[in-house]
Visitor: 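Mind looking over this structure? Questions follow.
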Amino acid sequence: MATVDSIQTVHLQSQLPVYWTIADLQAHLGDITAERIRLFPPPGYATEADVLEIEDREDRLCELEDGILVEKPMGWYESMLALLVARKIGNYLDDHDLGQVLGADGSLKILPGVVKIPDVSFVSWGRFPKERLGRRPIPALIPDLVVEVLSDTNTKKEMAMKLDRYFKAGVRLVWYIDPDTRTANAFTSPGETVFVEKDGLLEGGAVLPGFSLSLAWLFERADRQSGPQVDV
């Protein structure tokens, strides 16, 4: 974790203008709410070690952008949707041995100084390094597929910026699932998207050939609050 002495040492490494305000930080990060921006370590000085330290100490997930720690929002309903998506992909991978699926605490270094935590991600075998990855470090792995379940505090600008980051890193397919409208957008580039209606299918395309996910099934399953009725 950064200390006062270490902050003084790395002062020249910060790329943020010294005159910036909280409002400037919010705009830089996509107009997100101020409560998601961590002020210690000071914006511009945070590292991957701080991402891990906060998770261990506070059980909070933070992404890293330009030396800034940004808390990742996720409610119980969004978490359940993400788990259902990951389960479907995992079942598919049982029959199609193409790679690994990661859940909502799978922190990944996708670019220098950039750590993202997709709600679900798929990494094909060819993108894993030859050496065995350690358990705690944040691996430099680029997913083929990223799934984000939108939360109330996500802004359009924030998600557009994330989209640019993902494709700049080499992600091939991005799904944004919107719980409010029960629809989704499937991106193959920042400027190429397919809108999926609430009764439509998210398709795996070239990333997960033959895979499809019904949005109607996804939300119907997530909305269940009881099991089947049993006659007595």
Side-chain angles (χ1 to χ4, degrees), residues 1-3 6-7 10-11 13-79 81-82 102-121 136-143 146-171 174-180 185 187 190:
M1 185 177 72
T3 64
S6 65
I7 289 170
V10 301
H11 176 76
Q13 296 180 13
S14 176
Q15 301 298 312
L16 304 182
V18 296
Y19 56 82
W20 267 18
T21 65
I22 293 295
D24 294 312
L25 277 177
Q26 288 179 270
H28 178 67
L29 296 170
D31 297 329
I32 65 173
T33 56
E35 59 262 27
R36 290 180 55 199
I37 304 173
R38 302 291 296 232
L39 292 183
F40 191 84
Y45 302 115
T47 66
E48 296 171 32
D50 296 305
V51 173
L52 294 172
E53 195 274 336
I54 287 177
E55 182 179 358
D56 285 341
R57 186 183 73 240
E58 303 180 27
D59 196 25
R60 290 178 179 268
L61 296 177
C62 290
E63 296 183 323
L64 181 67
E65 183 79 32
D66 295 332
I68 308 165
L69 290 177
V70 180
E71 290 196 16
K72 181 176 174 64
M74 197 165 192
W76 72 272
Y77 190 71
E78 292 89 342
S79 175
L81 290 170
L102 283 69
D105 54 355
S107 302
L108 299 172
K109 180 179 179 180
I110 64 169
L111 290 167
V114 178
V115 174
K116 295 300 181 189
I117 314 174
D119 295 325
V120 181
S121 56
R136 290 302 297 144
I138 300 171
L141 278 178
I142 311 302
V146 159
V147 183
E148 296 276 10
V149 181
L150 304 183
S151 298
D152 290 339
T153 61
N154 288 135
T155 67
K156 289 183 178 181
K157 183 178 176 181
E158 174 194 10
M159 300 314 292
M161 292 170 61
K162 273 195 172 188
L163 203 63
D164 286 334
R165 287 294 202 193
Y166 284 139
F167 283 107
K168 182 179 179 181
V171 175
V174 176
W175 294 343
Y176 282 175
I177 299 175
D178 187 345
D180 288 336
N185 279 281
F187 299 88

Visitor: Any side-chain heavy atom of Phe187 sitting closer than 4.5 Å to one from Tyr166?
Guide: no

Visitor: Please report the interatomic distance CZ(Arg36) to CG(Leu69), rounded to the nearest 0.5 Å.
Guide: 12.5 Å

Visitor: Are Arg38 and Glu58 within salt-bridge range, i.e. N to O under 4.0 Å?
Guide: yes

Visitor: About how many Å separate NZ of Lys162 and CZ of Arg165, when rounded to the nearest 0.5 Å?
Guide: 12.0 Å

Visitor: Is there a donor-acceptor pair closer than 3.5 Å between any side-chain N or O of Ser151 and the backbone N or O of Thr153?
Guide: no

Visitor: Any side-chain to backbone donor/acceptor pair from Asp119 onto Ala82? Under 3.5 Å, distance only.
Guide: no

Visitor: Salt bridge check, Glu148 against Lys72: does any charged N sit closer than 4.0 Å to a carboxylate O?
Guide: yes

Visitor: Can you tell me which residue among Val171, Val120, Leu102, Leu108 is in a side chain to side chain contact (heavy atoms under 4.5 Å, CB included) with Val146?
Guide: Val171

Visitor: What's the separation between atom CG in Asp66 and atom OH in Tyr45, rounded to the nearest 0.5 Å?
Guide: 13.5 Å

Visitor: Would you say that Leu39 contacts Ile22 through its side chain, given a criterion of any heavy-atom pair below 4.5 Å between the two side chains?
Guide: yes

Visitor: Between the side chain of Ser107 and the main-chain N/O of Ile138, is any donor-acceptor distance below 3.5 Å?
Guide: no

Visitor: Is it the case that the side chain of Lys157 and the backbone of Ala27 share a donor-acceptor pair, with hydrogens and angles ignored and the cut-off at 3.5 Å?
Guide: yes

Visitor: Working to the nearest 0.5 angstrom, can you tell me the gap between Asp180 CG and Asp152 CG?
Guide: 6.0 Å

Visitor: For the backbone of Ile117 and the side chain of Glu63, can you confirm whether one donor and one acceptor N or O come within less than 3.5 Å of each other?
Guide: yes

Visitor: Would you check if the side chain of Asp56 reaches a backbone N or O of Glu53 as a donor-acceptor pair within less than 3.5 Å?
Guide: no

